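Only one structure is covered here, and it is reproduced in the block below.
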Amino acid sequence: MTTVTTTPTERAYEPVIGLEIHVQLRTQTKMFCGCALSFGDDPNTHTCPVCLGHPGTLPVPNAEAIHFALMIGLALECELAPRSIFHRKNYFYPDLPKGYQISQFDIPLWRSGRLGDVRVHRVHLEEDAAKLVHAGSSGRIHGAEASVVDFNRGGTPLVEIVTEPDLSSSEQAGEWLRLLRATLKRLGVSDVNMDEGSLRCDANVSIRPVGTATLGTKTELKNMNSFRFLERGIAAEVARQEELLRGGGEVEQETLHFDPRTGGLSALRSKEESHDYRYFPEPDLVPLAPTQAMIDRARTALPELPGARAQRLERELGLPGDVARLLAFRSELGDFYESALSADGATDPHTLASWVTVELVARLGDVDPAESPVAPEALAELVRLISARSVSGSAAKEVLDAMVADGGRPEAIVVERGLGLAGAGELDAVVDRAIEANPDAAEKVRAGTAKAMGAIVGAVMRETKGRADGGEVQRMVRERLGLG
Amino acid sequence: MSELLELTAARAAECVRAGELSPAEIFSAYRERAEADDLGAFLWLPEEPPRPAAATTSADPPLGGVPLAVKDIFCVEGAPTTAGSRILDGYRPPYTATPVERLAAAGAPMLGKTNMDEFAMGSSNENSAYMPVRNPWSPDRVPGGSSGGSAAAVAAGLAPWSIGTDTGGSIRQPASLCGLVGLKPTYGAVSRYGMIAFASSLDQCGPITRDVTDAALLLRHLVAGRRDPCDSTSVDFPEEIELPSSHDLGGLRVGVVPELSEAATIDAGVKAVFDAALERIEELGGGVEEISLPHSEHGLSAYYVLAPAEASANLSRYDGVRFGLRSGDGDLLSLYERTRAEGFGDEVKRRIMLGTYALSSGYYEAYYGRAQRVRTKIAEDFRAAFERVDLVVTPTSPSVAFRLGERTADPMAMYMSDYCTVPMSLAGLPAVSIPAGLSEDLPVGLQITGPAFTENRILAAAHALERAFGFDSSPARRPAAAAPGR
Amino acid sequence: MIDREQVLHVARLARLELTDAEVERMARELSGILDHLERIVELDLDHVEPTSHVVALENVLRPDEPRPSLARERALAGAPDATDSGFRVPSPGAAAANGS
Ligand SMILES: [Zn+2]
């Protein structure tokens, strides 16, 4: 108990948040048997005696799952256990065919790492549970609800990542999880899709008076299967705990379930004997002691990670932080950007970045630009035309529309559609006509009201269908009105 | 026909390969014997024999089509497999255990499934959920356990040879009580894939046979020169298993362990046969010296923590969801609790309770942790002993076959049956039991153990002693005994 | 020593329904066995490493190569209560409500 003199109602609190993330690995086969992983296939079509827990069957670990787990630990800068072992975690549940889950316990594969500002407590390997599908009331047993077990998912390789409680707001938690997701995606070890459950996140939440170092009683939040729900769930729980403490109450250690429909939290019924898992070393498996060759292979497989890439883009190209992060976290955008940049050394990195992260993204949404008709060199060429003032901004957008629809090279599209900037000769007459047609505006501009210029420039743009360079038109108007 | 049944399996296989016998002839002779089983040795016989060459990979299989009695703990695709338990009543596995598959491929097709103590937990076969097994040497006595059906079938001539499993003595003790050769290989030598688990870090499959040569022949094909990729704990056996030919023990140093052979639990009659065996060893040129395994007397305690602990988890899969028995009144908890209450017998429940308790919060270190450390000490004891001697001998079982019902009321008395066999299991060492003589007209076994992967050495010594003992493995040939069914 | 309460607790962990008579007998028998096992408590094992396994193996792994799965009918063949596509069980919620 802390001894603080202020009354509970006045006290300011800060959240202390840790995350526990489960990542389904994208191997060919399950963790301990040769069944191919299932992606929404018919129930119970990816099972075998091993993953159904038949008598006499034995687990044999998947080498690629170990390799992926090694990559993850290296990416999170963890310390490798020279020799780690698997344990049995014992409990009964219909989605657990053997009555125990093979997991790691006191000696996880990795410990003490870091990603961004957050310390990683441990990283370990385990097997996923099967899926329990509620089947409504059973006709067979009066009044009882029935479920059906689908073992397709059972035994999928899982990596569990547990952070230290280093996060202090729901937004920060969301932001960090995005970094982790981008990192795992970049590693190519998982689909990291929260909707589909290949990335799952639980949060441990407690609050403490600002300025104190003690940890309050924490609650565990489950089932937040999107970034938005994660942030909303944590925010709701922080608010709930504050209200509780301010009211003189106490936080109880419990597991809470986030309901996305109501945005509320409800306590999961505490299972009897909930936490006596009777862990003991799995006698069917031998220790895991990664050899130098295994570690080297994992290290060689590491790509440049999003955190490092964002820093490099910021440092070397001078891109703004948020643009650099967007390019790094959505690595397909970053790849497209860098490929366009290298296509033509003269392309302006800033303009290109904005055309990738704003214009291209606006047109493609979540689609990987590499899979669109737009070639990176073509976008680089478009940016060069813009920089050389060969095409106006609005005409360039029209060119990009055409590229997204049918591909092609920008110069050809400009010629074909007559989108090139109007030349000086053509503009002279157009500008003259625009001044004539807007005498009031011309008078106001002469009198010093600069914004009246808009009407004249607008008229020019209308007549040239946007092919005029706005700056150049303004210069010509001022010249003609004797202000140049 | 009766001459055929007198042949050892290896001799029968030789006759087949020499064209003197046909595999079909052998199979049907034994099939007929097995059908007439009145000992409770078999739980199941196939409707019709497998086509001789069906499972074999060569036209001239080394095991000659001599059929094999298979303990009901081995999964065989499509064949009822119960591990002696009600909870697996009606279960037909979708796959076949590696040892059964390997032996079938080498020319030993399955003759039938033999009775056993439920989930291999027991030393008398009285824990079978289906029926007890009688000892062919004396039908009111137990055959030992848990591989009691396999031992009784071979001893009574209902099968030429068999495989069983040994966790703390379940091959060696019934072999001893039935006057047979029973070998528990080095842990990891034989694949455990498809062998229903009792205690995973101890379970090993091995042969129960009429003589040492048959045991060596089966072991050779169980080991098969390669590890099983389906079992993470299986290893490549470092050498070929030889068929033993040794006639003496010249130069072998043989250790005797007072902690085991002179324990109060060893019956006087057993001790007398054991002492006579030591004299034989010296007559054959072996040097007998006393060694100490100071922690071996704690083996039983460690074993009865570790094995039930592992078993408590291994048996969690029997939950009424995917296979086997199902009970309950509609909610999930009762599905679990009733299915398991109705499906498991008393001894299995006792061990699940013991193991669950030993692993439960607050007791893990006191029981499981300490037992694991005792295990380390026992392995170290053996390591030190094998610096001084080549082999260690002990009585296999503290007593000869006891009467049905004699020990069922006292679990601890039953557990004492494993006193001499458990230390080798904890250390993962190979050990064979061979019949060394009779006490009260009942067989007494001698256990011979050596360092890991010295099966060839052990079998060679066993072979020399077998010749010297001149033990007749058939109770039926004993004038004093009228074997049932004869 | 293990009392009635402990027997009931362990039986629940192990999902074993015991009759009253079984509870009594189990308490007596387990106490007897534990008495015997307690002899290892007297040993000095402070600096002894635990042995989980006697095999000196490490990194026994399997290549990530798919093998055929069971046809669904075969997977469901032995199930005491199967639907066309899966294994039917009472919903866990019902168990928690009725349990403890
Ligand atoms: Zn599988």
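These values consider heavy atoms only, across backbone and side chains, with no hydrogens, waters or symmetry-generated copies. Order of the sequence lines fixes the chain letters, A, B, ..., with proteins taken first and strands second; residue numbering starts at 1 for each chain. Since we're looking at a predicted model, the values are computed, not measured.
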Which bit of [X] comes within less than 4.5 Å of chain C, counting heavy atoms only: side chain, backbone, both or neither?
X: A:F280; value: neither
X: A:C51; value: neither
X: A:D42; value: both
X: A:P43; value: both
X: A:P94; value: side chain
X: A:L132; value: side chain

TODO: Would you sort out whether C:R88 and A:S147 count as a side chain to side chain contact (heavy atoms under 4.5 Å, CB included), showing the intermediate values?
DONE: CA-CA 6 Å; C:R88 187 169 13 228; A:S147 296; over 6 Å; no
Task: Max heavy-atom pair count under 4.5 Å with chain A, selected residue of C:V60, C:L76, C:V55 - done: C:V60
Beyond-backbone contact of [X] with [Y], side-chain heavy atoms, under 4.5 angstrom:
X: C:S85; Y: A:D150; answer: no
X: C:F87; Y: A:L52; answer: yes
X: A:C35; Y: C:P66; answer: no
X: C:E58; Y: A:L288; answer: no
X: A:D276; Y: C:H9; answer: yes
X: A:L285; Y: C:H53; answer: no

Where is the tightest heavy-atom contact between [X] and [Y], given as atom of each residue plus distance?
X: A:T47; Y: C:S69; answer: O-CB, 3.2 Å
X: C:A14; Y: A:F92; answer: O-CZ, 3.8 Å
X: C:G86; Y: A:N44; answer: CA-ND2, 3.1 Å
X: A:Q28; Y: C:D64; answer: N-OD2, 2.8 Å

TODO: Between chain C and each of A:G99, A:A130, A:A63, count heavy-atom pairs under 4.5 Å; write down the option with the most.
DONE: A:A63
Open item on the list: Counting heavy-atom pairs closer than 4.5 Å to chain C, which one of A:H46, A:R278, A:H67, A:K30 comes out on top?
Closed with: A:R278
Task: Verdict with supporting geometry, A:T29 and C:R67, side chain to side chain contact (heavy atoms under 4.5 Å, CB included) - done: CA-CA 8 Å; A:T29 65; C:R67 316 228 327 160; over 6 Å; no
Open item on the list: If you count heavy atoms of other groups shown closer than 6.0 angstrom to CG of C:D84, is the number above 12?
Closed with: no
Open item on the list: Is it the case that the side chain of C:R62 and the backbone of A:C33 share a donor-acceptor pair, with hydrogens and angles ignored and the cut-off at 3.5 Å?
Closed with: yes
Open item on the list: Using the rule side-chain contact (heavy atoms from CB on, under 4.5 Å), only one of A:V60, A:I66, A:V286 pairs with C:L61; which is it?
Closed with: A:I66
